[in-house]
Enquirer: 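Sharing a structure with you now.
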Amino acid sequence: MTKTQKYSRRRLASLITRSIFITISVLTVIVLLQNYQVNQQVVAQEAARSKLQTSSLVQQIFNYRLQSLEIQQDSYSRNLSLTSALMSLNASDIDAFFNGVDQVSPAVTPDFRFIIDDEELLWEDANAQFYGIEPQALLEIGHNMSMGTNWHVEEVSSMMGPRYLLLRRTPVIDLDSGEVLGYIHIGLVLNSNFSLVSSLLKGANVDHILLAAKSNIIAATTKTDDFRHLKWLDEYASVLKNHEYMVSRTDLTINGNPTFLSVYTIQNNAHIVTMMRSHYMWVIIALVCILLIALFSRHWLGQRVSKELLRLTKYTTVAAEKQKDSEFCGSSIEEFHQIGESFQTAFQRLKEQEKLFVDLFNYSLSPITLWDNKGKLIEMNPAAERSFKTGNLDDNGFSILVEKLIPQIHMCAHGATITGVTIPIGETTYRWNLSPIIIDNEIRNIIAQGQDVTSFIEAQRQSALAREEAEESARVRADFLAKMSHELRTPLNGILGISQLLRDKMVDPNTKEHIDILCHSGEHLLAVLNDILDFSKIEQGKFQIQCADFNLTELVTTVDKIYRPLCDEKSVALDVVSKLDDPFIVFSDQVRINQILFNLVSNAVKFTSKGQVRVVIECIEEPDGNDATLHIAVKDSGIGIDYSRQETIFEPFVQAESTTTREYGGSGLGLAIVKSLVDLMNGHISLQSRPGHGATFDVLIPVEVKPDKQTSNSYNLVSEPALMFDDELQVLLVEDNHTNAFIAKAFCEKYGMKVHWVQDGYNAIDFLKRDTHIDLILMDNQLPQLGGIETTKIIREDLGLSVPIYACTADGMQDTKRAFLAVGADYVLVKPIKEVALNQAFVHYKHTFLSSENRAH
């Protein structure tokens, strides 16, 4: 089953009219139901209210009747005529008294009266016998009544069956003596008491009244037997719906006390039933009218909408299937008119897009092929035909192309989009992009677009070769720098070493001045060499930042000690300002901060011939946390920097003027190294200068401030302190260069050491195998036959000796230092070896290996 067969089609007019009909029907039903519910509630509430009013009215009328009897009874209980007749027990006088009372108020006359005292019946009017109640029964009734003047309901057996009585007694009192002469009783017989129910009927405004005692109807205003079934009455009294009769039940109370007496009121409910039936009839009429309107609307809308839709459908069919560029003739329905115009615009754009696609397909310079989802070639554009059909590729080459594209086409047939498929065919390389064409949610075709990337692939290959050549060149340059460093540092070590030894022995001032010039020249050559090596390491990405805790205030002391003598020689004032507490511990790279500061101060001193050099060091702490910014400002009054050179001053091998190198010297790498170090430490450097008025360098470097004020890595500048050893140390010197060996031996002998010299690693290993009483080994790096690193590894691993090994290297590369330390060296010195550096190494040796704790260990 196709997708177009899954759904049954319906006319739009039918859907619209059906929707309208359903909507109107639902709304009508809701309104009618709501109306019906409201009417039912109103009728029910009105019935409940009517029943409540009737019950209240019946109870009030009943109470009024009893109260009238009470008032009359209380009024004649203290009458002198009655008390006189009762005292004389003259029955005719008592009869005459009550006859006169009844003639005056016949409406409130009880059914019978009698008077008793505590033991006997004093008088009775003989009316009780009319109801079948014997005199003896009256005496019993009177004795059974409790004290008080309240009404009592009694059930009495009589010759005519059970009688239900309402009784009340009142004492007859002699007003002169206050003596109770007897108790006068009045009674109402409820059975067939038409007078009572008539008065209730008259006051309650109902159709019928029924008086019930317990489970019996004892009095009624109607003789209809249908109303005398209590079950029927109770059922009708419990509902509030629109039945034919509305029955209300009132349970009578006397003096607030419940009794077994009930009054049923019956009222004809025919008018309410008639009203409800009329309401239902109008509801049915309304539904019929709605149905007729809906049917008419359905027919009318169907004809109107179908006509317009047919016109719109005909237009779309002609425009889509026959590819006819026609204009929509319009519609009288606004929405259909807009839809038709939208279709017209869409068909025009679709036609333009199809034409554009055909033009792109036909006139594209890149080969484009069209395939079906089975992998069959449908069509190719002229560029593809020129590339694959006109001799550019032979049949075998075209077969290779098809063979390699078929797997990608099958993948696209499952929804994948593939890019960058490179297929070499002969000397030409094509890169293909494949994409599925989806029609009606189904992949029908696959389009593949190729591009001749032969030149691009060749450029990539050439780029890869160039990169490999560049990497090899960088490696060769690094090796060259390492070897040149060694070759330059070795004679430089001899120059500086001999100069230091000669300076200590010279007495003549002129000769000593000559030696100082020689030392300064060697120091300058060493600084240039160090700059070149540092810049080489930065370029190769081998320059690393190593952070540790140190006291920042020591920078002030270090700068002052190193550069104040130089400034004094040039008569230049040096002003070092510190805004730091002492100590001020930070976490950063102390060596690199020293290098940045020393380079800037060295430049300032070098290019300032008069005036002053001002160095300001401060730390700007953040309000929250331990982060801070180290601010170093170096300001001089020297030659300044031209405006045109300020943008390039931080580039390598650049100086302010071409004559600067000849006059002041230098490699032009100092500021480039400073800029690189500042960038590595995530800092910032800026320059402000005016030719002839000096320059100011501002450096900002982020650091972390430590809250404690103690650090174990405190660095102090030492200047060859007195160093003595308790015993003569046996030192094995491994050095292939005679000059370096002579200088190292001379330095060691100054400290009372005995030096054993060997020229390569094999001789050192043989010597240690013969004599293990060596206290210290000074190991050179580049040795003939066996290098210093390999020799150190053999001493540690094969010989198993723990003798301290202090390495001496001339290349100054960080990798060489790490390699020495990795195989077991304890310290690394960089050539040329200065006496101060060697003194620090011996101090390290003494504290580490000759202290009392280490000896005990």
Side-chain angles (χ1 to χ4, degrees), residues 471-490 492-493 526 529-548 589-592 595 680 713 731-737 740-741 744 758-768 774 776-834 837-838 840-842 844-845 848-849:
E471 291 175 351
E472 178 64 18
S473 175
R475 186 188 63 79
V476 171
R477 183 173 63 177
D479 292 342
F480 171 77
L481 287 174
K483 292 177 182 179
M484 286 301 299
S485 172
H486 183 271
E487 295 300 325
L488 291 174
R489 286 175 185 272
T490 297
L492 189 58
N493 185 43
L526 178 60
L529 180 61
N530 287 336
D531 285 346
I532 294 174
L533 290 177
D534 285 344
F535 185 75
S536 175
K537 287 188 284 185
I538 291 173
E539 276 193 327
Q540 298 177 48
K542 296 182 178 181
F543 211 95
Q544 297 180 352
I545 302 299
Q546 298 179 346
C547 297
D589 192 328
Q590 180 183 8
V591 175
R592 301 311 165 199
Q595 191 172 359
L680 285 174
N713 297 323
V731 178
L732 175 62
L733 175 63
V734 186
E735 173 64 66
D736 62 323
N737 185 275
N740 292 340
V758 295
Q759 294 182 331
D760 56 42
Y762 287 116
N763 291 330
I765 293 172
D766 293 338
F767 183 88
L768 291 173
I774 295 298
L776 176 63
I777 299 175
L778 296 178
M779 180 70 67
D780 189 27
N781 178 24
Q782 296 185 8
L783 298 170
Q785 299 182 6
L786 186 64
I789 296 175
E790 292 79 6
T791 304
T792 303
K793 185 176 182 180
I794 293 173
I795 293 173
R796 291 292 189 231
E797 296 181 358
D798 296 346
L799 300 184
L801 299 178
S802 59
V803 57
I805 300 176
Y806 280 37
C808 303
T809 175
D811 59 13
M813 303 299 287
Q814 193 69 25
D815 292 342
T816 304
K817 296 179 182 180
R818 284 196 293 265
F820 258 118
L821 296 174
V823 297
D826 299 287
Y827 198 91
V828 179
L829 286 164
V830 179
K831 295 180 181 178
I833 299 176
K834 300 179 183 179
L838 188 63
Q840 292 177 348
F842 287 156
H844 176 271
Y845 171 78
T848 305
F849 300 101

Enquirer: Answer yes or no: is there a donor N or O on one side and an acceptor on the other, between the side chain of R796 and the main chain of V823, under 3.5 Å?
Expert: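 No, because the side chain of R796 does not come within donor-acceptor range (under 3.5 Å) of the backbone of V823.
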
Enquirer: Less than 4.5 Å apart, any side-chain heavy atom of T791 and any of V734?
Expert: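 Of all side-chain heavy-atom pairs linking V734 with T791, none is under 4.5 Å.
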
Enquirer: Any chance you could lay out the side-chain contact (heavy atoms from CB on, under 4.5 Å) test for V828 and Y806, step after step, and finish with the verdict?
Expert: CA-CA 6 Å; V828 179; Y806 280 37; over 6 Å; no

Enquirer: Find the distance between OG1 (T809) and CD1 (I789) and round it off to the nearest 0.5 Å.
Expert: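 One finds 7.5 Å between OG1 of T809 and CD1 of I789.
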
Enquirer: Flag the pair L801 / I777 as yes when at least one side-chain heavy-atom distance between them is below 4.5 Å, and no otherwise.
Expert: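 They are not in contact (no side-chain heavy atoms under 4.5 Å apart), so the answer is no.
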
Enquirer: State, with a plain yes or no, whether a side-chain heavy atom of L776 is found less than 4.5 Å away from one of F849.
Expert: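 Not touching, per the 4.5 Å side-chain cut-off.
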
Enquirer: Measure the CG-CE distance between L732 and M779 for me, rounded to the nearest 0.5 Å.
Expert: 7.0 Å

Enquirer: Go through the steps for V830 and K817 under the test side-chain contact (heavy atoms from CB on, under 4.5 Å), then give the verdict.
Expert: CA-CA 9 Å; V830 179; K817 296 179 182 180; 3.6 Å; yes

Enquirer: Atom OH of Y845 and atom CG of L838: how far apart are they, to the nearest 0.5 Å?
Expert: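 Between atom OH of Y845 and atom CG of L838 there are 13.0 Å.
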
Enquirer: Of all the heavy-atom pairs spanning L733 and A741, show the shortest one and how long it is.
Expert: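 So the minimum-distance heavy-atom pair works out to CD2-O, 3.6 Å.
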
Enquirer: Test your reading of the model: is there a side-chain donor-acceptor pair from D736 to the backbone of L783, 3.5 Å cut-off?
Expert: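 No, D736 side chain to L783 backbone: no donor-acceptor pair under 3.5 Å.
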
Enquirer: First locate atom CG of N781, then atom OG1 of T792, and finally report the distance between them rounded to the nearest 0.5 Å.
Expert: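 Rounded to the nearest 0.5 Å, the CG-OG1 separation comes out at 9.0 Å.
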
Enquirer: Name all residues meeting the side chain to side chain donor-acceptor pair (under 3.5 Å) criterion together with Y827; count only those two or more places apart in sequence or in a different chain, and write none if there are none.
Expert: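 Y827 satisfies side chain to side chain donor-acceptor pair (under 3.5 Å) with no residue once adjacent residues are dropped.
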
Enquirer: Contact between T848 and D826 at the side-chain level, heavy atoms closer than 4.5 Å - yes or no?
Expert: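 No, side chains not in contact.
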
Enquirer: What distance separates L829 CG from C808 SG, expressed to the nearest 0.5 Å?
Expert: 5.0 Å

Enquirer: Assess the residue pair N763 and D760 against the criterion (side chain to side chain donor-acceptor pair (under 3.5 Å)); give the C-alpha distance rounded to whole Å, side-chain angles, the decisive distance to 0.1 Å, and a yes or no.
Expert: CA-CA 6 Å; N763 291 330; D760 56 42; 3.1 Å; yes

Enquirer: Kindly compute the distance separating CD (Q785) from CD (E790), expressed to the nearest 0.5 Å.
Expert: 12.5 Å

